[in-house]
2 protein chains.
Amino acid sequence: MSVETHPELTKNQALVFGSLSDAGGPLTAYAILDLLRDSGFRAPLQVYRALDKLVEYGMVHRLESLNAFVACSHKGCSSHGTAAFAICEQCGVVSEFTPDKAMSLLRDWTRSEGFQLSRTTIELRGTCRQCNVPN
Amino acid sequence: MSVETHPELTKNQALVFGSLSDAGGPLTAYAILDLLRDSGFRAPLQVYRALDKLVEYGMVHRLESLNAFVACSHKGCSSHGTAAFAICEQCGVVSEFTPDKAMSLLRDWTRSEGFQLSRTTIELRGTCRQCNVPN
DNA sequence: CTACATACGTAATAACGTAACGCCGGGACG
DNA sequence: CGTCCCGGCGTTACGTTATTACGTATGTAG
């Protein structure tokens with residue numbers, strides 16, 4: 001969890017990050033590719049390479065259960081803890097939060113097992129408040 | 001979290017579950033397909049259909065970050081809480097555990113958000129104790 | 001200049017997953 | 001008994017997601 005600022009983004013990285021930010025929600029790599037064809041993108045690898053870096057920088061998260069990617073919701077993407085996601089299966093909205101207490105318990109477990117943790121995926125599927133209304 | 005016993009498995013379901021149990025670790029759907037060619041399997045759908053049911057019965061878990069499946073480690077697969085997985089990136093070993101306290105905190109969050117939880121994915125990536133030894 | 005590292009472009013292919021169709025066997029029920 | 005429905009099955013074809021392999025360009029350290 002570094003506090004440093006990230007390297008300047010390359011053109012491709014900036015384009016991919018822009019797509020995700022504008023979308024305001026998750027996009028698949030191929031959806032990004034389609035959005036960026038007009039900007040000269042031709043092949044999946046251009047997207048995947050940029051995504052790899054953006055994920056490495058912590059600016060983008062991968063949603064494993066969706067095979068999709070989302071811009072980190074923290075303005076400026078400053079340092080923060082492990083992110084968790086609540087994914088509404090009705091409307092597709094994704095809420096990001098940082099379950100610090102739960103993570104601390106999970107880390108207790110890894111410590112007791114001698115497991116050296118490098119990355120955590122927490123994804124909750126269900127129905128958001130909006131989609132829950134009885135009407 | 002039902003306490004009932006599961007329906008009798010069909011032939012295909014039993015074959016797929018057997019593969020996963022024998023493997024003692026995660027397998028991809030296509031790896032299972034290859035293992036079962038001698039038993040008459042020909043197409044991915046045969047595997048996926050069986051896996052869908054086995055996951056529904058709680059006998060098999062899907063590892064989202066691996067696109068793979070693993071037999072539930074609870075003998076007899078009796079009723080149990082949400083499972084979490086620690087995946088060693090060196091040796092591939094997967095440890096299943098039930099992080100009840102962490103889940104309870106995550107449920108606190110969903111409750112406060114009005115989010116109706118249906119399914120939870122928790123996957124920890126890192127290095128297991130065995131692979132951590134200094135030598 | 002050379003060596004090395006990083007980003008990039010492109011083509012091809014691998015890996016993962018699903019739609020659509022039809023068949024079959026068994027239970028419900030008139 | 002007939003027939004209706006349903007779950008499981010087999011097969012073909014296809015769609016989606018991700019990577020391998022190869023070559024080019026550019027920057028920087030030695």
Side-chain angles (χ1 to χ4, degrees), chain A residues 4 6-20 23 25-57 59-70 87 89 92 94 119 121 123 125, chain B residues 4 6-20 23 25-57 59-70 87 89 92 94 119 121 123 125:
Chain A
E4 320 180 13
H6 302 112
E8 292 307 308
L9 297 183
T10 66
K11 179 155 168 280
N12 283 2
Q13 289 161 14
L15 284 167
V16 167
F17 185 67
S19 301
L20 283 171
L27 292 176
T28 67
Y30 279 72
I32 295 169
L33 176 57
D34 287 341
L35 287 172
L36 293 179
R37 290 215 191 264
D38 293 346
S39 310
F41 274 51
R42 293 280 163 268
L45 205 47
Q46 297 175 287
V47 179
Y48 282 111
R49 288 203 273 228
L51 286 171
D52 283 350
K53 286 299 181 183
L54 293 167
V55 168
E56 180 187 326
Y57 302 155
M59 301 173 64
V60 164
H61 300 290
R62 177 185 184 107
L63 299 173
E64 302 282 0
S65 66
L66 249 32
N67 292 324
F69 301 84
V70 67
I87 301 166
E89 291 176 321
V94 173
R119 193 158 60 78
T121 298
E123 297 178 18
R125 312 294 296 254
Chain B
E4 319 180 15
H6 302 114
E8 292 308 308
L9 298 183
T10 66
K11 179 158 166 280
N12 284 2
Q13 288 158 17
L15 285 167
V16 168
F17 185 67
S19 301
L20 283 171
L27 292 176
T28 68
Y30 279 69
I32 296 170
L33 175 56
D34 286 340
L35 287 172
L36 293 179
R37 292 217 191 261
D38 292 345
S39 309
F41 275 50
R42 294 277 165 270
L45 209 46
Q46 296 175 285
V47 179
Y48 283 111
R49 289 202 273 230
L51 286 171
D52 283 350
K53 287 298 180 184
L54 293 168
V55 169
E56 179 187 326
Y57 301 155
M59 301 172 65
V60 164
H61 301 289
R62 178 187 184 108
L63 299 173
E64 303 282 359
S65 66
L66 249 33
N67 292 326
F69 301 83
V70 67
I87 302 165
E89 292 175 320
V94 174
R119 192 159 61 76
T121 297
E123 296 177 18
R125 310 293 296 255

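In this text, all values refer to a predicted model and were calculated from it rather than measured experimentally. Labels below follow one simple rule: chain letters A, B, ... track the order of the sequence lines, proteins then strands, and each chain is numbered from 1.
- Of the candidate nucleotides D:dT17, D:dT11, D:dC9, D:dT11 has the atom lying nearest to any side-chain atom of B:A43.
- Atom-to-atom distance recorded for A:L45:CG and A:L51:CG is 10.5 Å, nearest 0.5 angstrom.
- The distance from atom OG1 of A:T28 to atom CG of A:D34, rounded to the nearest 0.5 Å, is 8.0 Å.
- The distance from the CZ atom of A:R62 to the CZ atom of A:R119 is 8.5 Å, given to the nearest 0.5 Å.
- Of the candidate nucleotides C:dG9, D:dT17, D:dA18, D:dA18 has the atom nearest to the side chain of A:R62.
- Residue-to-nucleotide contacts include no donor-acceptor pair under 3.5 Å from the side chain of B:Y30 to the base of C:dA14.
- At whole-Å resolution of the value, CG in A:D34 and P in D:dT16 are 10 Å apart.
- Atom NZ in A:K11 sits about 10 Å away from atom C1' in C:dC8, given to the nearest Å.
- Projected onto DNA chain C by closest heavy-atom contact, B:A31 and A:Q46 fall at different nucleotides, the more 5' of which corresponds to A:Q46.
- In this model, the phosphate group of D:dG7 is not approached by any side-chain N or O of B:T10 to a distance below 4.0 Å at OP1 or OP2.
- Comparing atom distances between the A:L45 side chain and each of D:dT20, C:dC16, D:dT11 picks out D:dT20 as nearest.
- Residue A:R49 places a side-chain atom within donor-acceptor reach of the base of C:dG9, judged by atom type and a 3.5 Å distance cut-off alone.
- Going from atom CZ of B:F41 over to atom P of D:dG10 covers 7 Å, rounded to whole Å.
- Comparing atom distances between the B:Y48 side chain and each of D:dG8, C:dT18, D:dT11 picks out C:dT18 as nearest.
- Between D:dA18, D:dG8, D:dG10, one nucleotide has an atom nearer to the side chain of A:P44 than all others, and that is D:dA18.
- When distances are taken from the side chain of A:F69 to each of C:dC8, D:dA18, D:dT11, the shortest belongs to D:dA18.
- Counting to the nearest Å, the P atom of D:dG7 and the CG atom of B:N12 are 17 Å from each other.
- Atom NE2 in B:H61 sits 11.0 Å away from atom CD in B:E123 (nearest 0.5 Å).
- Rounded to an integer number of Å, the gap from CD of B:E64 to C1' of C:dC16 is 13 Å.
- Side-chain atoms of B:N67 lie closest to C:dC16 of the nucleotides D:dC9, C:dG9, C:dC16.
- Across the protein-nucleic acid pair, A:D52 atom CG and D:dT20 atom P stand 11 Å apart, rounded to whole Å.
- Atom CG of A:N12 sits about 13.0 Å away from atom NZ of A:K53, to the nearest 0.5 Å.
- One interatomic measurement links the two molecules: CD1 of B:I32 to P of C:dA15, which rounds to 16 Å at whole-angstrom precision.
- Rounded to whole angstrom, the span from the CD atom of B:E8 across to the P atom of D:dG7 amounts to 18 Å.
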